[in-house]
Amino acid sequence: MKRRVVISGMGALSALGATTDELWTGLLANRSGVRRVQRLVESGITVTNGGEVASVSPQNVDRDHEIANRAIEDALVQSRRDAAECGFIWSTGLDTFQMGPNGFVHRSAGLCFSNLSSRFSGPRRMIAAACASGTQAIGEAFRLIQNGRVDACVAGGSSVMLTPFYLIGFAGLQAVAVDNGGDPSTACRPFDKRRKGFALADGAGAMVLETLDGARKRGATVFAEVIGFGMSQDGFDLNRPCDDGAGAELCMRRALTDANLSPEEIDAVNAHATATYSGDLAEAAALRKVFANRWPEVPVSGAKGAIGHAMAAAGVLEAIIAAHTCATGIVPPTVNLQHVDEGCELDHVIGEPRDSNAQSVLSVSFGMGGQNAAIIIKRHKEAQEIQK
Amino acid sequence: MIYLVATAQRSDLQAVRESSPEIWRQVRRYNLPVQLALAAADDVIQFSEDPSTTAVISLAPCQPGSADLYRWGHVVTAGMATGTLGNLRMNPTQTLHAVDNLALSAFAISHGNHAYCLGLGGAPGQAWCGLEAVHERLSAGAEEDVLLMAGDQDAAEDGAPGLGVALLFSVRAKSYQPLGRIVRLLSISRNNTRTADVVPHAANGLAAFLPALVEQRQGPMSYVVPPEHTDGLSGVTISLEIL
């Protein structure tokens, strides 16, 4: 007998603020937190736009640990859970390379994970699936709880990406929007004709997942229920998806099968939406195939225009948004999307939030290298109302 | 039932180049841990029923990157100090070296694999999380074969030794060749034994487990993972049965 799994705590640090409320209200206001980062301007590189977490100093060489820990703490406090009674399924993303007071500092992502994980009871798994890591972390935690391996888990991810090392590197891969002197808040334009890639971002997102029975017994707040998870690999190319989005489609179908839902039962999609040329086309193609004739009426929203691409944290920040959509029924707009590109046609939410009474949301992430993850989050009848 | 079907270790790139030119062509642009992990994986995947549907669990190196990557890191540092970063261009392959799921992606491309995958990061002791995940996937009937692979290096420096390890598990009983016997994986158990003597390495722990297996005669076997190969937070015991 599979156990039901609910979300009882959330924490988020993003370019829109240091709380889940700031993330949600910023999105509803159609606002972008991406800005020009002065220290990057001073370094002389061509990419100076980013989604920075303003509440943790860039001079802090423990920034990777600090950002992650704040999100984790917020989620634990909200759920009233102790770390010692939880598993920990987390991605610390990539190693960090930054300038410290005494020069170049290389911090291992593995070391950061070890430090973060030491107070959790286990399982303690470090997820490494590039941009799909956050979503896979939630999915793996969901599966472990569902199958009775553990009663509660903290799941999520964190990344510190706004360093010249990664900005130059991803510019070399033609994945990020270089600074063209325009408004930095419009750097990332998912699905738009003028899209030129994403804005890299720092961030962290954490969820406490636990059994529905456990949450009820504890009298814990239930925000939403996780009901399905699917993974796939493209097996196509290291740096771009296949044009028809076959790998993305496969993970979505696996999540639907896992949730025992048909595509007709999905009310909204939280898209990966990186604003890369090929990525958005492939994702739109995959979504149209999954929803078939119904694609013009399934609202689609992506968050990276507002918060940038926080890599290992992206999937969980977006899952937090999806949980808010489940709880409120509101689908936030895709910030900076104005003119939908040919081939990217979907029922995009543009300009303002849409109250569509969405109850089941598909949230997807596609990693560089071809790892694809999808989860399905559903409104729960006992869910606490989140303020619209 | 879960069976260990095949294992492989690779530590010599020159041997890969000479004995497996096709593999070498596929892996030559990657960094050492990825090259060795992929070479080992290629040795065992031939024993799977279908490489395109085999689930893949890949361990990222604890010592990621490459000597080139770290040299480049220092170039960035110097560029920041002199304000000349605008002129720098990074070789895209070096960016890929920093990405932790590279072996997983490269394997999938090479074998047209679209199956379930799990990339585990470069923290100490993740190899045993990988083995637990193998057990969970096969016990749940999610797949018929699961590949567990890892590659790492002693340091991200030119000439530093590296090691790639791959293990293939299946729900179908097949003879494990080094023993000529069938090897069943029963369970992986943990206890709260803390140690400060952890030596982070994605592949060494798995590599140390394999000789212990070959020394074993018929019957049940418990392998207690040496403390230096754990995550430092829990002891790990692997239970098997050799038929």
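Each chain gets a letter, A, B and so on, in the order the sequences are listed, and its residues count up from 1.
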What part of [X] is in contact with chain B, defined as an atom under 4.5 angstrom from a non-hydrogen atom: side chain, backbone, both or neither?
X	result
A/Asp237	backbone
A/Asp95	side chain
A/Ser117	both
A/Ala130	both
A/Met311	neither
A/Ile127	both
A/Arg149	side chain
A/Phe236	backbone

- Report, as yes or no, whether the 6.0 Å neighbourhood of atom OH on B/Tyr223 holds more than 12 heavy atoms from other residues, nucleotides or ligands. yes
- Are more than 12 heavy atoms from other residues, nucleotides or ligands located less than 6.0 Å from atom CG of B/Asn192? no
- Do NZ/NE/NH1/NH2 and the carboxylate oxygens of B/Arg25 and B/Glu22 come within less than 4.0 Å? yes
- Item | Electrostatic pair A/Asp82:A/Arg119 at N-O distance under 4.0 angstrom | no
- Query: Does A/Ser121 reach the main-chain N or O of A/Cys86 with its side chain, forming a donor-acceptor pair under 3.5 Å?
  - Reply: yes
- Just by modelled atom types, is the A/Asp244 backbone N or O under 3.5 Å from a matching donor or acceptor in the A/Lys289 side chain? yes
Under a 4.5 Å cutoff for heavy-atom pairs, which residue among [options] has the most contacts with chain B?
options	value
A/Leu144, A/Asn372, A/Leu94	A/Leu94
A/Phe170, A/Phe113, A/Tyr166	A/Phe113
A/Pro164, A/Ala373, A/Ala109	A/Pro164
A/Ser118, A/Pro123, A/Ser108	A/Ser118

Counting only heavy atoms closer than 4.5 Å, note whether [X] contacts chain A via side chain, backbone, both or neither.
X	answer
B/Glu136	side chain
B/Asn113	both
B/Ala55	neither
B/Leu59	neither
B/Ser58	neither

- Measure from NZ or CZ of B/Arg137 to the centre of the six-membered ring of B/Tyr116 and say whether it is under 6.0 Å with the direction within 45° of the ring axis. yes
- Query: Do you know which of B/His114, B/His111, B/Arg190, B/Gln63 has the most heavy-atom pairs with chain A at a distance under 4.5 angstrom?
  - Reply: B/His114
- Message: Going by ring-ring contact (aromatic ring centres under 6.0 Å, His included), name the pairs with one or both residues in residues 124-162 of chain B, residues two or more places apart or in two chains.
- Response: none
- Message: With side chain to side chain donor-acceptor pair (under 3.5 Å) as the criterion, how do A/Gln371 and A/Gln136 come out once you've worked through the C-alpha distance, each side chain's angles and the decisive distance to 0.1 Å?
- Response: CA-CA 9 Å; A/Gln371 283 77 47; A/Gln136 182 163 20; over 6 Å; no
- Could you give the distance from CG (A/Leu209) to CD1 (A/Ile89), rounded to the nearest 0.5 Å? 9.5 Å
- Query: Closest heavy-atom contact between B/Ser105 and A/Gly370?
  - Reply: OG-N, 4.4 Å
